[in-house]
Chemist: 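Handing you this structure, nothing more for now.
Just follow the structure's listing: the first ligand is 1, and inside any ligand the first atom is 1.
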Amino acid sequence: MARGTQRLIFVALKVLAVALALVLMVVIIRTATFPSYQTSPPECKPTDPDFIPADQDRLARFTSAIRFRTVSYERGVGTPQELSRFIQFIRESFPTIHGSPLVRRQVVGNYSLLYRVAGSDASLQPYMLASHLDVVPATEEANWEAPPFSGQLKDGYIYGRGTIDIKHTLMGCLEAVEFLLSRGRQPKRTLYLAFGHDEETGGHFGAKVIADVLTQQGEKMAFILDEGTPVGDGLLPGVSKQVALISVAEKGGLQLRLEVDEEGGHASIPRSESAIGILSKAISKLEDSPHPNMFGTGPETRMLEYVATEMTLPYRMLTSNLWLFSPLVAWVYSRKPQTNALARTTTALTRFNAGVKDNVISPRATAVIDHRIHPTSSVEEVMEFDLKVVNDPRVKFSVINSRQPSPTSPYGKDSPTYMLLQETIQQIFPDALVAPTTMVGNTDTLYYWNLSSAIYRFNPCVMTSSDLPRFHGVNERISVKSYERAMNFYYHLIVNMDEPLILKRYRHEDDL
Ligand SMILES: CCCCCCCC/C=C\CCCCCCCC(=O)N[C@@H](CCC(N)=O)C(=O)O
Ligand SMILES: [Zn+2]
Ligand SMILES: [Zn+2]
């Protein structure tokens, strides 16, 4: 090798070594100095005078609520009589709320409930706590440890459909307001409680109408809190502490019907391709072509950064240096369904129908695809992607439902309402870290976008990965301790909302 070339290689290696050393130095410095986003407000203890205990009366009210079979089946198909009975039960169970001159109650869309608790300072913008009255049906009833509409208490857990989705927040909010008013307290800031009756089938007749009513009344909310992500226990790799996940954005959705119509006929004289075959190829192409991994563009990235300082070393190093390791973390995310769902638009094949008889070639095949759209993508982008992937004019696409991803609500120290939520969560879940994330399922908040720019989704309940299948699944349950925390979470949120100390720390005068 010529001397000149040797020298060039030597210099190049030297430059590379220096560059690597520099990169390593930056990685180490960032790992060591990465900021903490956590706070440590005073813990709420059972000995506090304003602690709401899960006593017999409150547990009885909650278990009774579970016994109402307020099931939503399909859009517009629910259980109206049961909803009416449940609404009556709520009216009788919370006499202080329903007798208070501060409270205005409206039944909206026949079965949804909207409460307005008047604050003493009308100059303050109101806020809204949302939940829903309906539940999904309970299948496989025989496999439940306790019947799904029994509200049975077993080994410290209350079993039943709705215990974590979402009657614990519905009853928790009501218990909190009942407790507040029965102590003769009036909140400073006006508060709304909004309970839709058909969230599980899209909220078209509940939350949508609630939003219309509030819009007609000209209301704007300082913030809205609805059902959402839980306090995860062991859900985040590399973090041993619990992490309370506040969803600051929600994925969009696109439900598509795919249809192929071909000539059918006698099974003894098949053509080279059938409706079933053509559709199968199309949907298998879609399943094999995941939408792009968007890690690094949405709240899923910040979720990691918020807990970075509490991670074990390798994770901490990766997370503190996403400028370098983002592609690696994106790949790690794609490996597990839960994190994959956070990082990209997902594709779920949910229905496939064709054929009527064993020896008849079906002239028609249909399928349904359920996409959940990443906050930085759109319905249009997803549609375009799918058409390109299938690339077969014989496959007809039609849209069943679509919703764009939500706007992202403000979070972090610049957002007083996010910080208020974070601090309230840490009062009730003192062992938990708090982080922003994206809601992968959909909620009634879709209808509330115009009411507030600060919309959060949170489920005040600790859940491990083995609890997640209980959502809409078998053996849905909540521990008594968790229900107690839910009540206290809402009570403290209401109290903190009026507490100048917490808000003052983060207040941007224009925000609230
Ligand atoms: C590091 C990984 C952390 C990820 C943690 C994910 C935790 C997921 C926790 C809860 C998700 C399950 C609860 C979702 C409930 C969403 C409400 C719902 O079921 N909506 C339906 C109906 C929607 C509608 N209104 O149209 C849906 O999304 O299909
Ligand atoms: Zn729900
Ligand atoms: Zn649900």
Chemist: Between side-chain atoms of residues 324-336 and protein atoms elsewhere (two or more places apart, or another chain), which donor-acceptor pairs fall under 3.5 Å?
Modeler:
unit_1 : atom_1 : unit_2 : atom_2 : d
Tyr333 : OH     : Glu300 : O      : 3.3
Ser334 : OG     : Trp331 : O      : 2.6

Chemist: Could you list the residues that satisfy side-chain hydrogen bond (donor to acceptor under 3.5 Å, both in side chains) with Gln152, not counting sequence neighbours?
Modeler: none
Chemist: Under 2.8 Å from the Zn ion (ligand 3), which protein atoms of type N, O or S occur, listed by chain and number?
Modeler: Asp165 OD2, Glu200 OE1, Glu200 OE2, His472 NE2
Chemist: Going by heavy atoms in the side chains, are Leu421 and Leu493 under 4.5 Å from each other?
Modeler: yes
Chemist: Between Phe295 and His374 (judged by ring centroids, cut-off 6.0 Å), do the two rings come close enough to count as a pair?
Modeler: no
Chemist: Would you compute the distance between atom CD1 of Ile66 and atom CZ of Arg161 and round it to the nearest 0.5 angstrom?
Modeler: 10.5 Å
Chemist: Answer yes or no for Arg67 and Phe149: cation-pi contact, defined as NZ/CZ to six-membered ring centre under 6.0 Å and angle to ring axis within 45°.
Modeler: no
Chemist: Under a 4.0 Å N-O cut-off, is there an ion pair linking Glu227 with Arg457?
Modeler: no
Chemist: Can a salt bridge be assigned to the pair Arg69 and Glu82 using a cut-off of 4.0 Å between side-chain N and carboxylate O?
Modeler: no
Chemist: Which atom pairs, nitrogen or oxygen on both sides, join ligand 1 and the protein at under 3.5 angstrom?
Modeler:
unit_1   : atom_1 : unit_2 : atom_2 : d
ligand 1 : 19 (O) : His472 : NE2    : 3.3
ligand 1 : 20 (N) : Asn442 : O      : 2.8
ligand 1 : 25 (N) : Glu199 : O      : 2.8
ligand 1 : 25 (N) : Glu199 : OE2    : 3.3
ligand 1 : 26 (O) : Arg403 : NH2    : 3.3
ligand 1 : 28 (O) : Arg372 : NH1    : 2.9
ligand 1 : 28 (O) : Asn442 : N      : 2.8
ligand 1 : 29 (O) : Arg372 : NH2    : 2.9

Chemist: Against His132, only a single residue in Thr443, Asp165, Thr70, Thr169 fulfils side-chain hydrogen bond (donor to acceptor under 3.5 Å, both in side chains); can you say which?
Modeler: Asp165
